[in-house]
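Each remark here refers to the structure printed beneath this line.
Predicted model only: the values in this text are computed from it and were never measured. When reading the values below, keep in mind they use all heavy atoms of this one structure, side chains included, and skip hydrogens, waters and symmetry mates.
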Amino acid sequence: MPDKSRNRARKVTGGTGATAATGTAPAPADAGVPAEVVTGPRRSAGPQVRPKNGVDRYFEVTARRSTFGREVRGGLTTFFTMAYIVVLNPIILSGADIDGNTLPFASVAAVTAFVAGALTIAMGVIGRYPFALAAGLGINAIVAVYAATELTWPEIMGLVVLEGLLITVLVLTGFRRAVFEAIPAQLKISIAVGIGFFLTIIGLADAGVIRPGSPLISFGVGGQLAGWPLLTFVVGLLVTSVLVVRRVKGGLLIGIVVTTLFAIVVEAIAQVGPRTGADGSEANPRGWALQVPSWPDDWIGLPDLSLIGDFSLFGGFSRIGVLAAVLIVFAIMIADFFDTVGTVTAVGAEGDLLDEDRNLPRSQPVLLVDSLAAAAGGASSISSNTTYIESAAGVGDGARTGLASVVTGVVFLVAAFFTPLVQVVPSEAAAPVLVIVGAMLISQIRDLAWDDMSLVIPAFLTIALMPFTYSITNGIGAGVVSFVLLRLAVGRRRDVHPLMWIVAAVFVVYFALEPIQQLL
């Protein structure tokens with residue numbers, strides 16, 4: 001992606017949404033979407049300030065109008081917002097029973113934290129943007145199903161490694177960046193808005209505000225916000241909202257800490273206990289969703305990293321055949337590829353890091369680290385690692401550079417030795433931050449074009465399918481396919497970048513994967 005400056009004046013107005021934490025409003029964008037406001041790279045209107053030292057110069061802390069304090073604070077906020085993965089990933093992966101054998105919970109937790117730390121530091125140092133990486137939730141659910149039904153764990157991890165290597169090739173050839181730039185502004189805005197709703201529904205589900213019900217979802221417990229954990233979420237949401245609108249520095253991080261302390265006191269007095277029983281059933285609907293917020297008996301221990309390197313690169317091909325294995329690799333690759341596109345777009349917009357075409361300057365290193373992370377996750381037996389949308393929480397708290405990612409990564413490495421302590425933060429304490437960051441991202445909906453239904457329908461499908469199907473990839477796919485079809489229907493095929501035709505065709509195959517597998 002070209003790294004070029006855009007000489008446009010920016011007006012500081014206070015703003016909301018993506019600008020709430022910084023007080024900087026987006027600048028008007030170019031043609032293509034009427035009267036839209038598109039965020040671009042932060043640039044000082046006055047004389048350029050000299051970097052304070054070599055670290056400042058390398059990470060461009062001052063150049064992006066940030067401070068070391070903001071980067072540290074943002075990095076910590078990102079960690080606490082996504083620390084749940086250290087517990088949730090082993091819950092998902094260790095539940096895949098393969099011929100009576102399961103993955104060891106403690107080892108999966110330790111390796112999850114260790115690999116997330118190493119890759120997030122790499123993203124900070126090489127990519128130099130505030131993006132954090134960890135095991136992808138949607139992807140690890142997919143591979144857990146395949147591992148439990150068709151393949152051994154080392155075999156499915158070998159396919160994940162191959163998927164990561166293939167995406168790396170696409171990055172090195174420039175194809176992945178070209179696809180990123182080919183997506184029109186209307187869809188990029190829709191992706192950011194859709195992810196805002198997606199984050200919101202994740203937060204509400206993590207807190208237990210919405211749950212599986214009849215016919216689709218239910219509100220709380222029996223239609224009520226019943227139970228101490230839900231009260232903890234509400235308290236956290238209100239406290240964090242006040243901190244954010246009052247523009248308290250580190251409001252999101254303070255909100256997590258205060259809510260966690262409140263949860264610890266609640267558990268100590270009420271003895272609520274976990275929501276799920278030993279068999280995985282919801283034995284206590286009014287219990288804590290994942291972690292019970294109580295001080296652990298052991299705070300520190302040497303991490304078990306024995307799972308690293310336990311994969312079979314081509315074992316899956318010999319077990320289920322080349323074609324079936326290729327289809328699995330394809331499904332994982334599409335999810336990995338476009339989840340990152342959506343995440344980078346949304347987080348970049350939140351931090352005013354995009355140019356006027358809504359592209360991320362110097363994106364090649366970011367995409368390279370992300371693609372290698374997929375292969376690294378497979379090689380470590382913890383599923384593909386990818387860029388996390390929760391990075392938006394750190395950006396909302398002031399992070400603008402890769403220095404924040406270094407902070408997040410270091411804390412993840414420390415967490416590998418303190419996995420019992422990480423479990424102190426319940427999901428009900430982190431969920432309010434996801435809801436508030438969702439509100440920040442959703443505010444970009446004002447930038448969409450609403451006077452052309454051939455643009456409105458793709459935008460709507462992109463926004464709606466992300467939360468309703470719990471998948472960033474599904475939302476992007478629906479938006480791309482409908483955009484290409486409808487622009488063709490109204491005689492505007494010249495508005496469609498040539499690569500968009502290829503991407504649309506790939507998504508058609510992706511959505512039809514199950515029928516194709518049945519035919520084969």
Side-chain angles (χ1 to χ4, degrees), residues 75-76 78-96 98 102-124 131-145 147 153-154 156-157 160-161 163-164 202 206 289-291 296 298-311 332 335-336 339-340 343 369-370 372-391 405 407-427 430:
L76 291 174
T78 295
F79 168 77
F80 283 111
T81 307
M82 60 187 289
Y84 67 86
I85 193 61
V86 178
V87 177
L88 186 55
N89 198 41
I91 288 176
I92 295 173
L93 299 188
S94 62
I98 307 166
T102 58
L103 293 173
F105 187 98
S107 182
V108 175
V111 175
T112 297
F114 180 81
V115 174
L119 293 174
T120 301
I121 290 173
M123 177 64 80
F131 302 136
L133 298 93
L137 277 180
I139 298 170
N140 63 20
I142 293 172
V143 300
V145 171
W153 194 253
I156 189 64
M157 287 298 100
V160 172
V161 173
E163 171 262 332
I202 289 174
D206 286 351
L290 288 176
Q291 303 96 293
D298 298 319
W299 286 36
I300 189 171
L302 290 176
D304 178 6
L305 305 180
S306 59
L307 287 174
I308 295 178
D310 186 16
F311 68 97
I332 298 172
D336 224 345
D339 269 19
T340 300
T343 298
V369 173
D370 180 86
L372 290 173
S380 303
S381 298
I382 55 163
S383 181
S384 174
N385 275 232
T386 187
T387 304
Y388 255 52
I389 188 56
E390 281 85 351
S391 305
S405 293
V407 172
T408 303
V410 168
V411 181
F412 261 119
L413 291 181
V414 173
F417 295 87
F418 289 87
T419 48
L421 188 59
V422 172
Q423 298 180 40
V424 170
V425 182
S427 57

With heavy-atom distances below 4.5 Å as the criterion, would you say the side chains of F131 and T78 are in contact?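 No; the side chains remain at least 4.5 Å from each other.
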With a 4.5 Å heavy-atom cut-off, do I85 and F412 have their side chains touching?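 Counting from C-beta outward, I85 and F412 do come under 4.5 Å.
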Point-to-point distance, once rounded to the nearest 0.5 Å, from OG1 of T408 to CG of L413: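 T408 atom OG1 to L413 atom CG measures 11.0 Å (nearest 0.5 Å).
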State the CD1-CE distance between I382 and M157, to the nearest 0.5 angstrom.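 One gets 9.0 Å once the value is rounded to the nearest 0.5 Å.
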Residues, nucleotides or ligands: over 12 heavy atoms within 6.0 Å of F114 CZ: no
If every non-hydrogen atom of [X] is compared with every non-hydrogen atom of [Y], which pair is closest and at what distance?
X    : Y    : result
A373 : L119 : CB-CD1, 3.6 Å
P303 : A110 : CB-CB, 3.6 Å
S405 : G124 : CB-CA, 3.6 Å
T386 : T340 : OG1-OG1, 3.3 Å

Under 3.5 Å, is there a donor-acceptor pair between the side chain of [X] and the main chain of [Y]?
X    : Y    : value
S384 : V160 : no
N385 : L133 : no
S427 : D206 : yes
Y388 : A135 : yes

Do T387 and D370 have a side chain donor and acceptor closer than 3.5 Å?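 The answer is yes; a qualifying pair exists.
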